[in-house]
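Notes for the one structure printed next.
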Amino acid sequence: MARSNDEVAALFQEYADLILITGGDPFKARAYEKAARAIGGHHAEVRDLDLKGLQKIPGVGKSIAEKVLEYFRGGSVSAVEEVRAKIPAGVRQLTMIPTLGPRKAMTLYEELHISSIDELVDAIHQERLRDLKGFGPRTEEKILHGIGLMQAAGDRVLVDVAMDLAEELVSELSHVRGCLRCVYAGSLRRLRETIGDIDILVAARDSEPVMRAFTSLPQITEVTAHGDTKTSVRTTRGLAVDLRVLPPDAWGAGLLYFTGSRAHNIRIREIAVHQGLRLSEYGLFDVDSGDLIVSETEEDVYSRLGLPWIPPALREDRGEVEAGLRGELPELVTEEDIRGDLHTHTDLTDGLAPLEEMVAAAEQRGYSYFAVTDHAPNLYMQRMTEERMLEQRRQLHELDRRHRGRGGSGRMRLLHGTELNIDPDGELDWPDDVLAGFDLCVASVHSHFNQDRAALTRRLVRACENPYVNVIGHPTTRVIGKRPGLDADLDAVFAACARTGTALEINSHPDRLDLGDEAILRARRYGVKFVVNSDAHSALHLAHLRFGVGTAQRGWLTSEDVINTWPYARLRRFLRKGRAERSAA
DNA sequence: GCCGTTTTCGGCCCGACTGTTTTCAGTCG
């Protein structure tokens, strides 16, 4: 099952939204929002905690702790149910539209009884919003644009949501008698950034026990199709899942077929046809005799077609087949190659965990280096000051000394960094003499997303040209399904990065994955270096790195391209960039 | 509703932008 923390976090986030929509105390709403975040990022399962244990979570007091207990006792919280009864769920859906917040959503509901996105679109087309106070033609335009963005994402979900569910299902099905193998395939195996539905494959001689076990899993709400080889369901999280049961000796062909992509499958079937062969999910066959040639493993099938095994992340018909035929497939970067995380936050700014906890979690992951990069003063809400930053540096050096004291080659080195704000002119938060004190600087755009193309491009290029900026953080600032990327001339930015020795970040947060795969493919042609970072705001988020690595793989990157796979000394040389030579720490 | 080198009440992340206003509410990061 999903972590109990996620259920509770979602419930309190909903409660916070409903408080705001109904015009309740905004500070109370914030308290619930904060608690939701803290619970979501908390290491222990809240299901297992008692009142005292719950209250140890920052932002959780007596009242919220009691609601958590109430939830696990009876499956609901009366305070939440009360406000749910007043506001249709669709009203909250409206607030998911960018630029449409709780107040406007409530106005729409109260004045026009609008409680769904469809009703809203109709009302706009009928010009019924025109008479509402605070609504004008520009508002209508922005709402429609926002809805367009959401619908472009369609019913797809972010990769982490699908991954959590798929791993649960695979784990449960693996225990069923007669299940010889079980994996997820499809776009999830290819690590696409959004997932339309989940494909799960099982190898079994008899499909019936597996199908029966599958349809009775608690996550499944509706069985939409049910046969011998395929069962389709909907799950509690709204996501569709197809289960396919394959005969064990057709495993490789089936896995290949159901991993896709469609375009990749078409390309390799063409190759088969040219060799007088026919490829299906059951195997590779001789067209004339109809004899099965190979089917047991993916390697067998690829190999018989004259291809090396192609990593799923590459299977998009973006040149991987040709590269395979030439024997020139890249040796893709893997999560095991990553030696450290270079963009993380602590509770000094908007992270959830204190410095020590983040460092301990990084060590747990076996990193050989780790950078803490809290926000800088110009992100005003974070209340960062030079004093606070210097105090953190002192603590970090102290921790670093302690780690070194333990000796051994496995010790982890700590770097003190910051995430700077690139202002509208390309200027940064601190003067050069302050920046010079950091081991590395990530610089990101956090505001003024709507500058014109020339200004945005100049802004990013100027940031690259700053000798203290080592990394451009989440370079396009897109939020998947919510905000498009900056309208900048990315090629000019990539060229500037390559010229100045500035790395481009691949931000691993599942709603960013920025740069995305296609931009990476473009950028790598300039000889740019990349860094795959978690941008973790809690210890748990360090694990998001797998999605960033998946995105890097989809961008054909090798460990040579990714600076945080490099040994510490080589990384430090890169980070010196154009700065005046100073002794390496 | 939470929390405390502003401490048991009274604050709570602060500023900018946008579109609507005609002095400001709503939204966002």
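Naming convention: chains lettered A, B, ... in sequence-line order (proteins, then strands); numbering from 1 in each chain.
- In this structure, NE2 of His537(A) is placed 16 Å from P of dC13(B), rounded to the nearest angstrom.
- Centroid-to-centroid, the aromatic rings of Trp430(A) and Phe438(A) come within less than 6.0 Å.
- Side chain of Arg483(A), nearest nucleotide from dG29(B), dG1(B), dC13(B): dG29(B).
- For the pair Lys104(A) and Phe135(A), the distance from NZ or CZ to the six-membered ring centre is under 6.0 Å and the angle to the ring normal is within 45 degrees.
- Rounded to whole Å, atom C1' of dG1(B) lies 12 Å from atom CD of Gln55(A).
- Each of Lys28(A) and His446(A) was matched to the nucleotide of DNA chain B holding its nearest heavy atom; the match closer to the 5' end belongs to Lys28(A).
- The distance from atom CZ of Arg512(A) to atom P of dG29(B) is 9 Å, rounded to the nearest whole Å.
- Across dT8(B) and dC3(B), the matching P atoms stand 16 Å from one another, rounded to whole Å.
- The pairing partner recorded for dT8(B) is none, the criterion being a Watson-Crick or G-U wobble arrangement whose two distances lie under 3.5 angstrom.
- No contact: Leu379(A) has no heavy atom under 4.0 Å from any strand.
- On the C1' atoms, dT20(B) is 9 Å away from dA25(B), given to the nearest whole Å.
- Annotation: salt bridge (Lys or Arg N to Asp or Glu O under 4.0 Å) contacts involving residues 533-542 of chain A, sequence neighbours excluded, are absent.
- No side-chain donor-acceptor contact under 3.5 Å links His446(A) and His448(A).
- Distance Phe449(A) CZ to dT27(B) C1': 13 Å, rounded to the nearest Å.
- In this structure, Asn378(A) atom CG and dC13(B) atom C1' are separated by 15 Å, rounded to whole Å.
- Listed by first then second residue, pairs satisfying side chain to side chain donor-acceptor pair (under 3.5 Å) with a partner in residues 512-523 of chain A read Arg318(A)-Asp517(A), Thr476(A)-Asp514(A), Asp491(A)-Arg522(A), Asp517(A)-Arg554(A), not counting sequence neighbours.
- Residue pairs meeting the salt bridge (Lys or Arg N to Asp or Glu O under 4.0 Å) criterion with at least one member in residues 446-455 of chain A, sequence neighbours excluded, are Arg453(A)-Asp487(A).
- Closest approach to the Ile64(A) side chain among dC13(B), dC2(B), dG26(B) is made by dC2(B) (side chain taken as heavy atoms from C-beta onward).
- Ile422(A) places its CD1 atom 17 Å from the P atom of dG29(B), with the value rounded to the nearest Å.
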Exercise for review: Any chance you could list the contact pattern along nucleotides 15-22 of chain B? Use B for base contacts, S for sugar-phosphate-only contacts and - for none, protein heavy atoms under 4.0 Å, 5' to 3'.
Suggested key: SSSSSS--
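- Glu110(A) pairs by the salt bridge (charged side-chain N to carboxylate O under 4.0 Å, His left out) definition with nothing, not counting sequence neighbours.
- Going from the P atom of dC13(B) to that of dC2(B) covers 15 Å, rounded to whole Å.
- Across residues 66-98 of chain A, Lys67(A), Pro98(A) each have a non-hydrogen atom less than 4.0 Å from an atom of DNA chain B (numbered order).
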Side-chain donor/acceptor pairs under 3.5 Å, residues 111-120 of chain A, sequence neighbours excluded:
| unit_1 | atom_1 | unit_2 | atom_2 | d |
| --- | --- | --- | --- | --- |
| Ser116(A) | OG | Glu119(A) | N | 3.1 |
| Glu119(A) | OE1 | Ser115(A) | N | 2.7 |

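- Taking the P atom of each, dC17(B) and dC12(B) are spaced 23 Å apart, rounded to whole Å.
- Salt bridge status for Glu66(A) with Lys62(A): present, with a side-chain N to carboxylate O gap under 4.0 Å.
- Only the C1' atoms considered, dT18(B) is 15 Å distant from dT23(B), to the nearest whole Å.
- Atom CG of Asp350(A) and atom P of dC28(B) are 17 Å apart (whole Å).
- One can place CG of Leu108(A) at 13 Å from C1' of dG26(B), the figure rounded to the nearest angstrom.
- The gap from the P atom of dG15(B) to that of dT21(B) amounts to 27 Å, rounded to the nearest Å.
- Of the candidate nucleotides dG29(B), dC13(B), dG1(B), dG1(B) has the atom nearest to the side chain of Ser63(A).
- Taking Ala495(A) as the reference, Tyr526(A) meet the side-chain contact (heavy atoms from CB on, under 4.5 Å) condition, with sequence neighbours excluded.
- In terms of the side-chain contact (heavy atoms from CB on, under 4.5 Å) criterion, residue partners of Leu69(A) (sequence neighbours excluded) are, by chain and number, Leu51(A), Leu54(A), Arg73(A).
- Set against dC14(B), dT27(B), dG29(B), the side chain of Arg383(A) has dC14(B) as its closest nucleotide.
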